[in-house]
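Down below is the structure, laid out as structure tokens.
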Amino acid sequence: MSQHREAEDAPKDGLYPSMPFRAFHGPLSRRDLLRVLGGGLGTLGLAATAPSEAAPSQPVLPNPHSKACHFAPRAKRIIHLFMNGGPFQGDLFDPKPAINRFAGERPAEVQLRTENATGGLMAVPFAFRRGGRSGLEVSTLLPRFAELMDEVCVLRGCYTDNPNHGPALFMMNNGSITPTRPSMGSWMLYGLGTENQNLPGYVVLCPGRPVRFAELWSSAFLPGEFQGTYINHSNLAPGAMIPFLRHPDRDPDTQRRQLDLLRELEGQHAPPSAPDAAFEARLQAMETAFRMQFAATDAFDISREPEAVREEYGSSPFAHGCLIARRLAERGVRLTQVYYGNGQPWDTHSNHDEATRKLCADIDRPMAALLRDLKQRGMLEDTLVVWGGEFGRTPTTEGSNGRDHNHYGFTTWLAGGGVKGGIAHGATDDFGFRAVQGRVHVHDLHATLLHLLGLDHERLTYRYAGRDFRLTDVYGTVVKEVLA
């Protein structure tokens, strides 16, 4: 059984002021070491990557899965395009002509409880076309993306457990409707490690703050080094995206000597057989931050891309996020999540059709550019691109021109990374409300993503509080029908 150590009380503001060595008498505590040697990007720019010292720390246990797959992987990395708020599947990838045929009516198939009261079927004003040689159907709202449908596997039978944003966001990101579980990116890093020690292995890009914010990329009870690193890319200057990228006073040699001294002093205070998890997480964050001073300036600077490439992606925040994600993928970042925007832009409870037109006009170009760019660089075969929201929306109307949340059936698509392209798997009912064939729960989706990375979701476990935990809890089945 794992042992717990009650951490020392942390200062209320969570920061440690500078304090010279002469202020101490006797042996230095681990907290005092951080107080003395902390500074620059290590404790400021990436402070959020370390767990709070006010919470009990979990010893870092030997991880038999780290940097070793259970079987040959199909993908090395994932780019997750997250449409926070929940897009309506019937507008984009799941055509349902019966909605328009029975518009205004409320047949038995739509007598389902959602978050709010809904009325009759709401007509879909957008046409569909067949894309690529496969003829896979896609909305005319996505003309550029339609050209890439031969690369895309559309999961039309997805479903989840809760119609509210918070729980559904947790389920999609953490595999649970509660905020106390590690995120899927943390599980991926825990199982595989990172390919680039100079950058975080798990990066979250969002031009703002999604609902529930940092809880969505938390490492929870996994070691703190596996937590996601949040980057607000509203301002494209690397120094603005990553605050305190350079230490104002100390040169790299001085910072390197500080870190080496901190590691040496830690070795004197904690035996290798019983490391301090909270301290180790902070030290790892400092090490990564130190190396990021040199690597991040290049990785996050899209001005270094040829003008033609930047033009291909477009100039919106989502376009910039897609381009940064490609740059991070080619530098070995394990998972990059690109949240569409601040809050929940796809939460269209009113003015649904007008909002959807604008949202699709914004995502069409960068999504197509990302897939085409990855394919041209030979990266699509081992980079898995995932698109979707926390749930879908209802075919029925809420109010006069909006759609409510729908957890009974929605669409997610995958591309590259070992999945079949040009196919649709699963189906919703005649009105696109409930998944009825080839049903894919979020646990099944997570199991499939881990499988494509070479990880068995049932074997990727971590013992905590007397039991073994995993991303898929005690559920999940790999959707083998979509594997190439």
Side-chain angles (χ1 to χ4, degrees), residues 1-10 30 48-70 161-162 166-167 169-194 200-202 204 212-229 266 270-285 288 334-335 441-447 449-451 453-476:
M1 181 176 294
S2 58
Q3 301 296 314
H4 290 78
R5 181 190 63 82
E6 293 296 332
E8 298 173 303
D9 292 335
R30 295 179 181 85
T49 66
S52 169
E53 287 193 355
S57 62
Q58 165 76 24
V60 180
L61 303 177
N63 177 15
H65 314 286
S66 183
K67 303 177 183 60
C69 298
H70 296 136
D161 295 343
N162 194 290
L169 284 164
F170 287 136
M171 176 61 75
M172 185 60 70
N173 285 277
N174 305 39
S176 170
I177 63 172
T178 61
T180 56
R181 301 290 176 84
S183 59
M184 64 176 177
S186 296
W187 281 110
M188 292 170 187
L189 271 190
Y190 168 68
L192 297 173
T194 180
Y202 174 19
V204 179
R212 306 312 298 246
F213 196 47
E215 292 173 306
L216 303 179
W217 48 87
S218 168
S219 60
F221 48 74
L222 289 179
E225 65 196 86
F226 302 125
Q227 180 166 309
T229 297
E266 162 63 2
S273 59
D276 183 303
F279 186 90
E280 183 65 26
R282 289 217 172 186
L283 190 54
Q284 288 288 346
T288 302
R334 188 70 66 189
L335 172 64
H441 187 272
V442 174
H443 290 313
D444 304 324
L445 177 63
H446 287 161
L449 300 185
L450 292 177
H451 179 87
L453 290 171
L455 295 170
D456 183 341
H457 72 105
E458 294 184 350
R459 294 167 59 193
L460 185 65
T461 62
Y462 188 84
R463 192 158 189 81
Y464 173 75
R467 60 160 285 194
D468 289 338
F469 283 84
R470 69 187 204 212
L471 174 61
T472 52
D473 197 20
V474 295
Y475 308 100

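Keep in mind that this is a model prediction, so the values were computed, not measured.
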If you take all heavy atoms of [X] and [Y], which pair is closest and at what distance?
X: Ser186; Y: Ser219; result: OG-CA, 3.4 Å
X: Arg463; Y: Asp468; result: NH1-OD1, 3.0 Å
X: Ala220; Y: Pro182; result: CB-N, 3.4 Å
X: Leu216; Y: Ser183; result: O-CB, 3.4 Å
X: Met184; Y: Met172; result: SD-O, 4.1 Å

Any donor-acceptor pair under 3.5 Å from [X] side chain to [Y] backbone:
X: Thr194; Y: Arg334; answer: no
X: Asn174; Y: Glu215; answer: yes
X: Thr461; Y: Arg470; answer: no

If I take atom [atom1] from residue [X] and atom [atom2] from residue [Y], how far apart are they, to the nearest 0.5 angstrom?
X: Leu169; Y: Phe213; atom1: CG; atom2: CZ; result: 13.5 Å
X: Leu449; Y: His457; atom1: CG; atom2: NE2; result: 11.5 Å
X: Arg181; Y: Phe469; atom1: CZ; atom2: CZ; result: 5.0 Å
X: His446; Y: Met171; atom1: NE2; atom2: CE; result: 8.5 Å
X: Glu458; Y: Thr472; atom1: CD; atom2: OG1; result: 7.0 Å
X: Asp456; Y: Leu453; atom1: CG; atom2: CG; result: 12.5 Å

Over 60° means perpendicular and under 30° means parallel, so classify the ring planes of Tyr190 and Tyr462, tilted if in between. perpendicular
What is the ring orientation for His443 with Tyr475, classed by angle as parallel under 30°, tilted 30 to 60°, or perpendicular over 60°? parallel
Determine whether [X] and [Y] make a side-chain contact, defined as any pair of heavy atoms from C-beta on separated by less than 4.5 Å.
X: Trp187; Y: Leu222; answer: yes
X: Met188; Y: Tyr202; answer: no
X: Leu192; Y: Leu455; answer: yes

